Amino acid sequence: MRALGVDVGGDRKGLDLVLMGDDRAIVMTQGRAGPEDVVLVLGRYRPQIVAIDSPPAWNAGGRSRRTERLLAELGISTFPTPSKAAGDKPFFGWMKAGMAVFTLVAEHGYTLDTGGRTGRRAIEVFPYATAAVLSGGLKPHGMRTRDWRERVLRANGVRTDGLRTLDQVDAALAALTAVMVAEGRHTYLGDDAEGVIVLPVAAPLLRYRPGPRPADDDDRLFRYCACGCERQVVPPREFVRGHDGRHRSMLWERVRQGRRAEEELGRRRWERPPEVR
DNA sequence: GACAGCAATAAATAGCGTGG
DNA sequence: CCACGCTATTTATTGCTGTC
């Protein structure tokens with residue numbers, strides 16, 4: 001099973017895409033993507049769920065959508081979606097772009113899931129809300145948004161060292177949300193008319209408050225095999241069983257290559273690199 | 001000199017705390 | 001009890017810093 005997370009930006013920034021497997025490994029990332037790139041990814045990787053960080057529709061005439069007011073009751077702030085008339089400003093261009101993505105993926109079989117739909121589908125997600133419900137609290141005071149969200153990803157089995165911008169971190173949170181929803185962990189907030197934000201929990205807390213500031217080194221619930229194979233191990237182990245021997249033989253081979261390189265440098269009377277002279 | 005990433009700022013709205 | 005200020009969410013823009 002694979003899921004595609006889409007973080008929506010305006011014309012200039014474009015879309016950020018992150019494709020994730022159900023083992024929470026990031027299969028592919030793409031920044032500054034356009035609608036045509038989304039279609040390419042759908043065709044090539046066939047994700048089951050597309051999770052989009054954007055409203056699929058304007059509000060029905062009020063100041064905000066019901067899903068956003070429900071999030072406010074949980075203590076989770078949102079940037080409210082305006083009505084169609086109020087949304088006609090350049091500032092809301094990114095929401096228009098997001099709605100266009102919903103339309104686009106629907107044309108490729110990913111119909112909007114506002115509750116209970118299974119199989120191939122699209123959902124609306126909110127990375128901030130996802131990070132809140134997965135960590136059990138809002139962003140701790142004094143902690144940077146990006147640090148907090150990356151920590152939440154790592155604590156849930158996603159490695160973050162390939163994510164270059166906050167937008168990619170958010171796209172990864174969107175994809176992670178979809179993976180968990182596919183596993184049956186979901187809460188639907190909202191209604192069909194204005195849209196439904198999906199949270200990756202069976203049941204949310206009554207109210208979320210800023211969490212405690214974690215220590216700098218306590219987010220390693222697991223680590224990756226030191227041989228670079230990207231499989232997970234539980235500390236204090238460093239290697240998947242048997243991979244220590246594999247790693248040692250690889251280092252031996254590199255030493256042999258280095259010796260051959262030194263011999264050739266000497267033969268040609270060329271200098272060694274400055275940092276090893 | 002190019003380029004990437006980060007910090008600060010504005011925009012619309014809701015909730016919370018405080019002052020009068 | 002109401003008004004006001006503060007905080008929090010988002011993207012886009014600008015200016016600064018660091019790296020190569």
Side-chain angles (χ1 to χ4, degrees), chain A residues 5-18 29-35 51-102 124-152 160-174 177 189-190 194-200 204-213 273-275:
Chain A
V6 182
D7 182 83
V8 177
D11 287 341
R12 186 165 177 148
K13 269 168 74 172
L15 311 172
D16 275 273
L17 312 179
V18 167
T29 66
Q30 184 178 353
R32 294 184 182 166
I52 303 169
D53 174 18
S54 164
W58 306 108
N59 83 44
R63 292 190 217 271
S64 59
R65 300 183 297 154
R66 199 165 104 85
T67 183
E68 287 147 0
R69 293 190 293 273
L70 291 172
L71 280 174
E73 287 179 13
L74 297 179
I76 298 173
S77 297
T78 63
F79 198 93
T81 304
S83 63
K84 186 170 193 298
D88 199 25
K89 297 178 184 174
F91 180 73
F92 296 106
W94 69 273
M95 289 189 185
K96 275 187 187 169
M99 294 176 200
V101 175
F102 275 102
E124 177 187 357
V125 298
F126 185 30
Y128 172 57
T130 290
V133 300
L134 289 183
S135 67
L138 307 178
K139 176 172 71 66
H141 287 132
M143 197 172 177
R144 280 194 252 276
T145 293
R146 179 163 180 182
D147 293 339
W148 175 57
R149 295 188 187 182
E150 287 195 12
R151 187 180 291 261
V152 173
T160 56
D161 45 348
L163 304 172
R164 318 211 72 78
T165 65
L166 178 59
D167 295 321
Q168 289 185 14
V169 171
D170 284 349
L173 278 166
T177 306
L189 247 48
E194 294 182 315
V196 169
I197 289 174
V198 189
L199 306 177
L205 300 179
L206 281 179
R207 178 151 202 100
Y208 290 87
R209 306 188 178 284
R213 232 184 97 75
E275 69 271 17

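What you are looking at is a predicted structure, and each value in this text was computed from that prediction instead of being measured. Labels below follow one simple rule: chain letters A, B, ... track the order of the sequence lines, proteins then strands, and each chain is numbered from 1.
Here A/T81 contributes atom OG1 and A/M95 contributes atom CE; the two are 4.0 Å apart, rounded to the nearest 0.5 Å. Between the CG atom in A/D167 and the CG atom in A/L17 there is a gap of 11.5 Å [rounded to 0.5 Å]. The structure places CG of A/L199 at 6.0 Å from CG of A/L71, a figure rounded to the nearest 0.5 Å.
With sequence neighbours left out, A/N59 forms a side chain to side chain donor-acceptor pair (under 3.5 Å) with no residue at all. A/R146 meets the salt bridge (Lys or Arg N to Asp or Glu O under 4.0 Å) test with A/E150; sequence neighbours excluded. Every salt bridge (Lys or Arg N to Asp or Glu O under 4.0 Å) that A/D170 has, sequence neighbours left out, goes to A/R149. Annotation: salt bridge (Lys or Arg N to Asp or Glu O under 4.0 Å) contacts of A/K139 (sequence neighbours excluded): none. Qualifying side chain to side chain donor-acceptor pair (under 3.5 Å) partners for A/Q168, counting only residues two or more places apart in sequence or in other chains: none.
Below 30°, between 30° and 60°, or above 60°: for A/F92 and A/W58 the angle between ring planes is above 60°, a perpendicular geometry.
The list of salt bridge (charged side-chain N to carboxylate O under 4.0 Å, His left out) pairs with a residue in residues 68-77 of chain A, not counting sequence neighbours, reads A/R65-A/E68. The side-chain hydrogen bond (donor to acceptor under 3.5 Å, both in side chains) analysis of residues 85-94 of chain A, with sequence neighbours excluded, yields the pairs A/D88-A/K96.
Smallest separation of non-hydrogen atoms from A/L74 and A/P204: CD1-CB, 4.3 Å.
Taking for each of A/R146 and A/R207 the nucleotide of DNA chain B with the nearest heavy atom, the 5'-most of the two is the partner of A/R146. Two residues, A/G93 and A/T145, neighbour DNA chain C, and the one matched to the more 5' nucleotide by heavy-atom proximity is A/T145.
Atom-to-atom, CG of A/L15 to P of C/dA12 comes out at 10 Å; the value is rounded to the nearest Å. In this structure, CG of A/L166 is placed 8 Å from P of C/dT11, rounded to the nearest angstrom. Note: CG (A/D16) to C1' (C/dT10) measures 14 Å, nearest angstrom. For the pair A/F126 CZ and C/dT10 C1', the computed distance is 7 Å after rounding to whole Å.
Nucleic acid contact class of A/R69 (heavy atoms, under 4.0 Å, all strands): none. Counting non-hydrogen atoms under 4.0 angstrom, A/R65 reaches nothing in the nucleic acid. Counting any heavy atom pair closer than 4.0 Å across all strands shown, A/F91 reaches a base atom. Residue-level contact check: A/R66 touches neither bases nor backbone, having no heavy atom under 4.0 Å from any strand. A/D7 comes within 4.0 angstrom of sugar-phosphate atoms only, judged by non-hydrogen atoms across all strands, and of no base.
Annotation: the terminal axes of the helix from B/dG1-C/dC20 to B/dG20-C/dC1 meet at 40°, where each axis is the rotation carrying the C1' atoms of four end pairs onto the next four (5 pairs per end, rounded to 10°).
Near DNA chain C, defined here as any heavy-atom distance below 4.0 Å, the residues from residues 77-84 of chain A are A/S77, A/T78, A/F79, listed numerically.
Note that the first and last nucleotides of DNA chain B, 5' to 3', having any atom under 4.0 angstrom from a heavy atom of chain A are B/dG5 to B/dC16.
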Hey, what are the protein-to-nucleotides 17-20 of chain C N/O distances that come in under 3.5 Å?
none

Exercise answer: donor-acceptor pairs, residues 125-136 of chain A side-chain atoms, under 3.5 Å, sequence neighbours excluded:
| from | atom 1 | to | atom 2 | distance (Å) |
| --- | --- | --- | --- | --- |
| A/T130 | OG1 | A/T177 | OG1 | 2.8 |
| A/S135 | OG | A/A131 | O | 2.8 |
| A/S135 | OG | A/A132 | O | 3.4 |
| A/S135 | OG | A/G137 | O | 3.0 |

